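Quick note: residue numbers are just sequence positions, from 1. No experiment lies behind these values; they were computed from the predicted model shown.
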Amino acid sequence: MLPSQKPVTPNFSSGPCAKRPGYDVSTLDLTVLGRSHRAPIGKEALKSACLDTAKILGLPEGYRVAVVPASDTGAMEMAMWSMLGERPVDVLYWESFGQGWATDITKQLQLKDVNIHSADYGQLPDFSKVNCDHDVVFTWNGTTSGARVPNADWIDTNREGLTFCDATSAVFAQDIEWQKLDVITYSWQKVLGGEGGHGMLILSPKAVARLESYTPSWPLPKIFRMTKGGKLIESLFTGATINTPSMLCVVDYLDALNWVESIGGVNETIARANNNLSTIEDFVAKHAWIEFLAKDKTVRSNTSVCLTLDLSPEQVKSVIKLLDDNAVAYDIGAYRDAPAGLRIWCGATIENSNLVALLPWLEWAYKEVKNT
């Protein structure tokens, strides 16, 4: 029999992710629309996006935040092309996006002194092999593998190199040791359910020092340039942007930040994601036909939860289609490069009640396909 209750919001996509509970676009402050982002009103909104982010996340003193083009990808590319090459590089990856950074470093930037530490989907590489006197590039949370870094104990506080962290599915949902990171990137479309197209770039004082002391041997496109005359363009971190941003997306992000503060801050958004993961863990523990791709609980993501079923890839597609056709869960198929399975977003904007309502439908769809 069909389950009696459906999720009120069936949006479980891993990006763009579900909007915050109670979201209503008509309540956004739209006074900046139609105005220049260089006008005082536009600059103030962008400045708030930078400074409020630093305050809510509790970033260490001296860390700077900027709004940059092209989402998390743009922020990572901007950082790597501007700062890598000064010393050897250690790259860690265990899923497709991290592998993409390794490809950029070896095939596009064509750096020669590169050490790659990799692992299969759902696992993590051996962090003890990382040399923190090199520059280190890694993802905090494997969006396509469901495996995350459990902590930053492996990063040397007295490191000589810089740490570059793609943290797009982790910021606002996981405890991040900021002082161990020098370059942090993320996008609004993940944990806060914001809109795509804009990236956030966070720099430590050490990263700023690298920008001001090192010039790469390759040409930099204008969209990547963060210095002028050997000095950091400080205005990038107080409301100026390299290119024209969508002010509608900016006010949408400010709305999400206000929501975070209203519910108790980052501790609460982390707790919401942890509670959502716990709900799925309880379900998986009771059903032998479904497993986590990340079998080690200590490295399991609480946002991009990746699951495997004892079905063929075609059968898995049928399960996904049944859930979609019944308006129960949209966009929950595994990433195209990952093993066949499900990827259910459990970030802070997902109401736990919707996950609770989804799981009986998941069991129903599995049985429908299995018994066909």
Side-chain angles (χ1 to χ4, degrees), residues 15 37 46-47 49-50 53-54 57 59 62-87 89 91 93 97-111 114 135-140 143 161-171 178 181-190 194-246 249-250 253:
H37 62 294
L46 285 158
K47 182 178 180 180
C50 299
T53 294
L57 289 177
L59 296 179
Y63 277 58
R64 296 164 169 84
V65 183
V67 178
V68 300
S71 199
D72 175 67
T73 300
M76 274 297 288
E77 297 283 7
M78 189 175 184
M80 292 192 300
W81 283 73
S82 297
M83 287 181 264
L84 289 181
E86 191 261 358
R87 61 180 58 230
V89 182
V91 188
Y93 73 80
F97 290 110
Q99 187 175 20
W101 307 140
T103 299
D104 279 0
I105 290 166
T106 56
K107 294 187 178 181
Q108 301 302 319
L109 293 175
Q110 298 183 12
L111 299 183
V114 179
D135 288 336
V136 179
V137 179
F138 71 104
T139 56
W140 191 278
T143 306
L162 298 179
T163 47
F164 294 71
C165 180
D166 171 358
T168 195
S169 294
V171 176
W178 304 109
L181 305 178
D182 297 301
V183 177
I184 306 105
T185 67
Y186 71 95
S187 67
W188 302 341
Q189 64 173 316
K190 295 295 185 180
E195 295 303 301
H198 300 74
M200 296 299 282
L201 176 66
I202 302 173
L203 300 180
S204 75
K206 276 184 64 178
V208 172
R210 170 73 63 83
L211 282 168
E212 294 184 334
S213 64
Y214 166 70
T215 301
S217 59
W218 46 82
L220 282 179
K222 177 182 177 181
I223 208 166
F224 286 177
R225 297 174 205 158
M226 292 180 276
T227 60
K228 186 174 182 179
K231 292 295 182 181
L232 185 73
I233 302 173
E234 290 284 1
S235 61
L236 292 176
F237 304 88
T238 55
T241 54
I242 294 174
N243 71 332
T244 305
S246 162
C249 291
V250 171
Y253 178 63

Quiz item: Are the side chain of K206 and the backbone N or O of V183 linked by a donor-acceptor pair below 3.5 Å?
Solution: no
Self-check item: Set of ring pair (Phe, Tyr, Trp, His ring centres under 6.0 Å) partners for Y93, sequence neighbours left out
Solution: none
Quiz prompt | Reported CG-to-CD1 distance for the pair L57 and I202, which is rounded to 0.5 angstrom | solution = 6.0 Å
Quiz item: What distance do S187 atom OG and M76 atom CE have between them, rounded to the nearest 0.5 Å?
Solution: 12.5 Å
Quiz item: What do you reckon, is NZ of K47 surrounded by more than 12 foreign heavy atoms closer than 6.0 Å?
Solution: no
Quiz item: What orientation do F224 and W81 show, parallel under 30°, tilted 30 to 60°, or perpendicular over 60°?
Solution: tilted
Quiz item: Is there a donor-acceptor contact under 3.5 Å linking the side chains of S204 and D182?
Solution: yes
Quiz item: Between I184 and A167, which heavy-atom pair has the shortest distance, and what is it?
Solution: CG2-CB, 3.9 Å
Exercise. May I ask you to test the S169-Y186 pair for a side-chain heavy-atom distance under 4.5 Å?
Key: no
Quiz prompt | Contact check, side chains of I105 and L84, non-hydrogen atoms, under 4.5 Å | solution = yes
Quiz prompt | G196 to C249 - nearest heavy-atom pair and separation | solution = O-SG, 4.2 Å
Quiz prompt | Residue that, paired with M200, satisfies side chain to side chain contact (heavy atoms under 4.5 Å, CB included) out of T53, V68, T185, D72 | solution = T53
Practice problem: Would you confirm whether H198, through its side chain, and S246, through its main-chain N or O, come within 3.5 Å as a donor-acceptor pair? | Solution: yes
Self-check item: Selection residues 214-242 - residue pairs positive for side-chain hydrogen bond (donor to acceptor under 3.5 Å, both in side chains), sequence neighbours left out
Solution: R64-E234
Self-check item: Separation of W101 CH2 from L109 CG (nearest 0.5 Å)
Solution: 11.5 Å
Exercise. Could you tell me the separation between the CG atom of L211 and the CE atom of M83, rounded to the nearest 0.5 Å?
Key: 4.5 Å
Quiz prompt | Interatomic spacing from CZ in F164 to CG in L181 - rounded to 0.5 Å | solution = 11.5 Å
Quiz prompt | Check: D135 side chain, L162 main-chain N or O, donor-acceptor pair, under 3.5 Å | solution = yes
Practice problem: Calculate, to the nearest 0.5 Å, the distance between atoms CD and CG belonging to E77 and D104 respectively. | Solution: 4.0 Å
Quiz item: Which pair of heavy atoms, one from M226 and one from S82, lies closest together, and at what distance?
Solution: CE-OG, 3.7 Å
Quiz item: If every non-hydrogen atom of Q189 is compared with every non-hydrogen atom of S71, which pair is closest and at what distance?
Solution: NE2-OG, 3.3 Å
Quiz prompt | Minimum-distance pair of heavy atoms, taken over all atoms of A66 and C50 | solution = CA-SG, 4.0 Å
